[in-house]
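Residue numbers start from 1 in every chain, and the chains themselves are labelled A, B, ... in the order their sequence lines are given, proteins ahead of strands.
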Amino acid sequence: MKLFTLKERLGLKNFEIARILENIAFYLEMFGETKFRIRAFQNAAKIIESLPEDIADVYRRGEVSTIPGIGAAIAEIIGELVETGTAKIYQEFREKYPVNIEELSAVEGLGPKRIKLLYEKLKIKNLEELEKAAREHRIRRVKTLGVKTEKNLLKAVEFAKKSKDRLLLAYADEIAGDLVEKLGSLSFVERITVAGSYRRRKETVGDLDILVVSKRPEAVMDYFTSLENVGIVLGKGPAKSSVLLKDGLQVDVRVFDEEIYGSALLYFTGSKEHNVKLRIVAMEKGLKLSEYGVFRDDKRIAGRTEEECYRALGLSYIEPELREDMGEVEAARKNSLPQLVEYSDIKGDFHVHSNWSDGMNTILDLAEAAREKNYQYLCISDHVGALKVAGAMDEESLRKQMEEIDKLNGRLDDFRILKGAEVNITAEGNLDLSVGLIKELDVVLAGIHSGFRASKEAITKRVIKAMESGLMHILVHPTGRIINRRAPCEIDLGAIMDTAKELGIALEINAFPDRLDLRDVQIKSAVDKGVSLVLGTDSHSCNHLNYMRFGVDQARRGWCTKRGLINTLSLSELEKRFDI
DNA sequence: GCCGTTTTCGGCCCGACTGTTTTCAGTCG
């Protein structure tokens, strides 16, 4: 018996529609379309992805084609996607070339032309078949490819394989938010929390574990397993149900009694290593810990809340972000856990691109969006120099931009737009901007944007040379990694951190969801060394400013306190510190 | 495919790097 008729449907999210548009662009590229038509689709994907509201809502108002960058043709495709979940043009492409684009294009060195070539010559459709062909030395025999290419592809496959199963936290956040809203709105759901690595705010998640308190578990499960975006129901019972969503993400829902919700949360939040450590602590005290509570003999002495469980074990409360067995249990025993930075401590963003380079919004738009977040300052850091692909400005437009910022600052009360720039560190370790101009900037961000495959010694030397120029304040995306796409470059972070500390240079925690660079353990080591850190969203639109949350999550995972993070300085403190 | 104070055609961001086909295509950012 079905208990509900689902009125509210979980349609495609913006990022999913954006992904399909990107895939269409990819197919167009395979078939040698003009780069302008391709770019139109890519551009549309980018716009949808950073749209502040659901594209489905825009569609229902009939306003999709009024969005700048989206014309009649793409608006129609978006309409199809909203209505049916797919589009004719996309289906036709997929029938003609049934290749797993997302899987194959995630392999470094594989683009549209080679994917087409490999399908036509070797019928390679996915990662597995690619790996097999490479191991059997069939790729080197394809004309235009060779031994070296085959070897590089094999190496890239290894990396792609490791990362293909985990979803970026930012995407998981949207899906989880939706599920929590739907399930949480049921009258008989008393409490709901997403546990697991999601709750620990890990940069990627493998699945979602949702914990619910309800007196009507069957009704919860009926509703959950019949949601529109459920693909396969893997299992369904009153205590636990498990599904695969249509996009492949596994979601488990478990229902518990209120009395043991805390211990269940503790158990299912993990990490496994943290839990093992806790059970050892329990044993030492003659207690037993499980998802059903903390027990002395057979009597439950804690379980309703996590705080109660930790207290029973003689520990202070440990924030989920710290539960990785990196010393947090020992610190909790000594009551010496760090007071982690909070999102509300953040007073500004340092890494923001405007439409002066490759960003989508004006400086004023961005400043207003930042003020709405109660920020006191915003550093505009557009690309400059030779990085022409990223719409880098020449020195003349940088000068003009600085004048524009002066003008805007004259109009803004209690808020300051900082004059920054994202300067490229050249292969020789120089900053790609004239010294005179660099000195006029309030904040100089610098980082490497090419040559990631050079040796560890070379890259480290190059970056340290740039740092020693005395001209830069912040080293951006220090390892250059892109989650699920590009491995971090080889760089001696220990040496970089020592130099940063000595010269008072801050290391960025890039908060863009697929960068999160530095990563958690690296942040912790910077915190231990007393190196200054700074959060930058790498925003390319107003909406991206929201990525600050993920940066704060990451900082917290790295044991970062308010004191260690430059973004927590007030405007006046910041002006003093940067002497601006 | 999108856009328009040069407005319904004709322009739209491109340089570096790599490996291979030795003169350039494909990929990346």
For A/G109 and A/G146, take the nucleotide of DNA chain B holding the closest heavy atom to each; which residue's nucleotide lies nearer the 5' end?
A/G146

Between A/V147 and A/R114, which has a closest nucleotide on DNA chain B that is more 5'?
A/V147

Check every atom of [options] against the side chain of [X] and return the nucleotide holding the closest atom.
{"X": "A/R37", "options": "B/dG1, B/dG19, B/dC28", "value": "B/dG1"}
{"X": "A/T149", "options": "B/dG19, B/dT27, B/dG1", "value": "B/dG19"}
{"X": "A/E108", "options": "B/dG1, B/dG19, B/dC28", "value": "B/dC28"}
{"X": "A/K148", "options": "B/dT20, B/dG1, B/dT21", "value": "B/dT20"}
{"X": "A/P112", "options": "B/dC2, B/dT21, B/dT27", "value": "B/dT27"}
{"X": "A/K113", "options": "B/dC2, B/dC12, B/dT27", "value": "B/dT27"}

[M] and [N], which share atom name [atom1], separated by this distance in whole Å:
{"N": "B/dT18", "M": "B/dC13", "atom1": "P", "result": "27 Å"}
{"N": "B/dC14", "M": "B/dC9", "atom1": "P", "result": "25 Å"}
{"N": "B/dG11", "M": "B/dG19", "atom1": "C1'", "result": "33 Å"}
{"N": "B/dT21", "M": "B/dG26", "atom1": "C1'", "result": "12 Å"}
{"N": "B/dT23", "M": "B/dC17", "atom1": "P", "result": "23 Å"}
{"N": "B/dT20", "M": "B/dA16", "atom1": "P", "result": "22 Å"}
{"N": "B/dT6", "M": "B/dG1", "atom1": "P", "result": "27 Å"}

Length of the line joining [X]:[atom1] and [N]:[atom2], which is rounded to integer Å:
{"X": "A/E29", "N": "B/dA25", "atom1": "CD", "atom2": "C1'", "value": "13 Å"}
{"X": "A/K121", "N": "B/dG26", "atom1": "NZ", "atom2": "P", "value": "13 Å"}
{"X": "A/I67", "N": "B/dC2", "atom1": "CD1", "atom2": "P", "value": "12 Å"}
{"X": "A/F512", "N": "B/dG29", "atom1": "CZ", "atom2": "P", "value": "14 Å"}
{"X": "A/Q42", "N": "B/dC13", "atom1": "CD", "atom2": "P", "value": "12 Å"}
{"X": "A/F36", "N": "B/dG11", "atom1": "CZ", "atom2": "C1'", "value": "7 Å"}
{"X": "A/K35", "N": "B/dG26", "atom1": "NZ", "atom2": "C1'", "value": "14 Å"}
{"X": "A/F26", "N": "B/dC28", "atom1": "CZ", "atom2": "C1'", "value": "12 Å"}

When all nucleic acid strands are considered with a 4.0 Å heavy-atom cut-off, which category describes [X]: base, sugar-phosphate, or nothing?
{"X": "A/N152", "answer": "sugar-phosphate"}
{"X": "A/V142", "answer": "nothing"}
{"X": "A/I70", "answer": "sugar-phosphate"}

Are the charged groups of [X] and [Y] less than 4.0 angstrom apart, N to O?
{"X": "A/R39", "Y": "A/E33", "result": "no"}
{"X": "A/K202", "Y": "A/D553", "result": "no"}
{"X": "A/D173", "Y": "A/R201", "result": "yes"}

Aromatic ring proximity A/Y97/A/F31, centre distance under 6.0 Å
yes

How long is the straight-line distance from CD1 of A/I566 back to CD1 of A/I346, given to the nearest 0.5 Å?
11.5 Å

Using OP1 and OP2 only, check whether a side-chain N or O of A/R39 sits under 4.0 Å from B/dC12.
no

By side chain to side chain donor-acceptor pair (under 3.5 Å), which residues pair with A/Q91, not counting sequence neighbours?
A/T86

Within 45 degrees of the ring normal and closer than 6.0 Å to the centroid, is that where the cationic atom of A/K123 sits relative to A/Y119?
yes

For B/dT8, the nucleotide meeting Watson-Crick or G-U wobble distances (both under 3.5 Å) is none

